[in-house]
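Below you'll find the structure, written out as structure tokens, and then a few comments.
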Amino acid sequence: MKKITFCVVVILLAVLVIGIHDYMPSLSTIPVYQSISNTQSTNYAEKTPVHHSVSNIQSVKAPVHHSVSNIQPTTSGKKAPVHQPMSNLQPTIGTLAISHFKDVPDMTLTVRMSSNVTSLLNFFYCTMLRSLALYWSSKLGPLGLILDKESQDDHKFAENLQQYQEHLGMNISIHYEPLPKNKRVLTVVKGRSHGYNRQLYSSFIMDKFISTPIVAWTDTDAKFTTPVTRDNILTGNKLRVKGMNTFQNNWIQGWDKLGIKMIGKPMPSDFMTFFPVYIWRDTITNCRNHILNYLNVSTIEEAYIQVGSQDVGIMSSVNIIMTYAYYFEKERYDWHIDIGNVDLQKYNKLRLIPGHELTSPDLTPDFHVTLHDKYYKDDKNIVNRQAYCAAVNNTVLNMEQNIKQMCEPFKTNEMWLLFEFCNTIKQEHLTTWCKNKIKHCSSMIKEHYDKTRQLVNKGVYNLDLKKVKVVEEAAKFHNVKCQPFL
Ligand SMILES: *[C@@H]1O[C@H](CO)[C@@H](O)[C@H](O)[C@H]1NC(C)=O
Ligand SMILES: *[C@@H]1O[C@H](CO)[C@@H](O)[C@H](O)[C@H]1NC(C)=O
Ligand SMILES: *[C@@H]1O[C@H](CO)[C@@H](O)[C@H](O)[C@H]1NC(C)=O
Ligand SMILES: *[C@@H]1O[C@H](CO)[C@@H](O)[C@H](O)[C@H]1NC(C)=O
């Protein structure tokens, strides 16, 4: 019975999502839900128009000045150089910006993208890029896109986007991935599109395109909900990782089975429950070498085909890489695993290999800077408003009257949203970590906003809604029309 349901779902989804490149972990069981179709939402931006001038947007359709080097496939991807002085959008980055992120290694906010899938374009512009423009500091590193080398559309997509770098105050580096040599890679996981297979496979070679020491990996449907601080990324010199016990969902068992085939170790937790996933670039290299060794094959294509063709489940590349990191490089990362309301000893016995048990320091709460929009129902468009209001609250920024008015209802709301990731499937920490520690979670929220307020006051984040408009302008190239942001 289960099998039949699974097949029906797979066929339905194959029809629904043909060509979708995006990494969609829960597709096998979850109806595709797009929270951006919030047609009934109150449209603040239109009722009380935001008075930021957007007149300068038209002037950016200047020739693209990027040098050829950064649009060639390369194993040492470079930051896309911006050849003109930064626009007036980020004039105030002062010493605090530099000192706040000074000891943070360079990173690339990395997205595997394909421009020929409409739903991906929608998420990319409306969800990811609009929120990124507000809440990701260019001081952390560029947005890096890995695209299909042979796709003319992807080249056009990149050219269009790079024209807006200055007005977004953010560098965008483009990396072109050639088609895999062995075309079986594109079809090996049955019921999955070429694009989907390619994306899964691609995850194991990101280090060949991204050259920064940290790959901050995210999906096109991740929505930033707060400015990102140093502490959201690093504890000392360890990268923060979040995980969650979601093993009650049947697709997780498929991921686990395939992961075991690929690296020989069970998932200690589900790592597809937060974005961005911060990965040391060489962890990806090491993981790939481990896979080649473990499977006794000479290329990652062979490995992907060998494991993918076994039909024991779907694959989760994030989980394979982070599971590798857990077993082989645990001390390079700072683990925050929510095992739910389960006894640690029992959990260890059930899930972990002796000698690799989770310990209580691994279970320390942490919160999110994004949510997974595809699986977060927000018909009334509350998330963006609440997030923005929390970010501007008590800062030196001069808010427009309409923003003040919009924020009035949120005045007494705490940002519990930061402890949620999805709500159409249950992925939140309000009933686990925060259940008996409301005070503790609450003080984490407060502490975070004390920090973001400083960053805003010093101009590290200017929360300038003009940048949202710039993204909307860029999206027009693909006839993507976003719902109002606020
Ligand atoms: C973009 O990259 C160039 C070259 O690496 C750098 O000089 C510039 O500061 C970067 N701009 C931003 C906004 O980070
Ligand atoms: C998207 O582009 C890829 C590569 O160019 C191509 O193989 C695929 O068929 C395209 N998909 C759609 C839906 O056009
Ligand atoms: C690994 O593969 C090579 C070549 O296919 C083969 O000669 C060798 O015996 C294999 N080693 C093991 C341990 O399976
Ligand atoms: C705004 O900031 C003040 C002062 O830090 C705080 O008391 C209040 O809870 C904050 N409001 C929101 C909605 O975060």
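All values below come from the heavy atoms of this structure, side chains included, with hydrogens, waters and symmetry mates left out. In each ligand, atom 1 is the first atom listed, and ligand 1 is the first ligand listed. For this chain, numbers begin at 1 and follow the sequence in order.
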Backbone N/O of Asp148 and side chain of Asp154: donor-acceptor pair under 3.5 Å: yes
Flag if over 12 foreign heavy atoms under 6.0 Å of CD, Gln310: yes
Heavy atom of protein inside 4.0 Å of atom 7 (O) of ligand 4, strictly below: no
Pair Arg288 + Asp207: basic N to acidic O under 4.0 Å: yes
Ligand 4 contacted by Arg453 (non-hydrogen, < 4.0 Å): yes
Glu473/Lys476 salt bridge by N-O under 4.0 Å criterion: yes
Residue selection (non-hydrogen contact nearest atom 12 (C) of ligand 1) among Leu140, Ile172, Asn171: Asn171
Flag, side chain of Asp464 to backbone of Lys466, donor-acceptor distance under 3.5 Å: yes
Where ligand 1 meets Gly169 - atom numbers and elements under 4.0 angstrom, heavy-atom basis: 13 (C)
Ligand 4 atoms in contact with Phe410 (distance to a heavy atom under 4.0 Å): 13 (C)
Residue and atom name of the nearest protein heavy atom (relative to atom 1 (C) of ligand 3), distance in Å to one decimal: Asn296 ND2, 1.4 Å
Side-chain (Thr452) to main-chain (Ala391) donor-acceptor, under 3.5 angstrom: no
Heavy atom of protein inside 4.0 Å of atom 14 (O) of ligand 3, strictly below: yes
Donor-acceptor contact present, side-chain Thr127 to main-chain Phe124, <3.5 Å: no
Top protein contact for atom 2 (O) of ligand 4, by heavy-atom distance: Asn393 ND2, 2.3 Å
Ser138: numbered ligand 1 atoms lying under 4.0 Å from its heavy atoms: 13 (C), 14 (O)
Thr235 side chain to Lys238 backbone, donor-acceptor under 3.5 Å: no
Protein contact to atom 9 (O) of ligand 4 [nearest heavy atom, distance to 0.1 Å]: Lys411 O, 4.6 Å
Shortest protein heavy-atom distance from atom 3 (C) of ligand 4, along with the residue and atom involved: Asn394 ND2, 3.1 Å
Part of Asp450 within contact of ligand 4 (heavy atoms, under 4.0 Å): neither
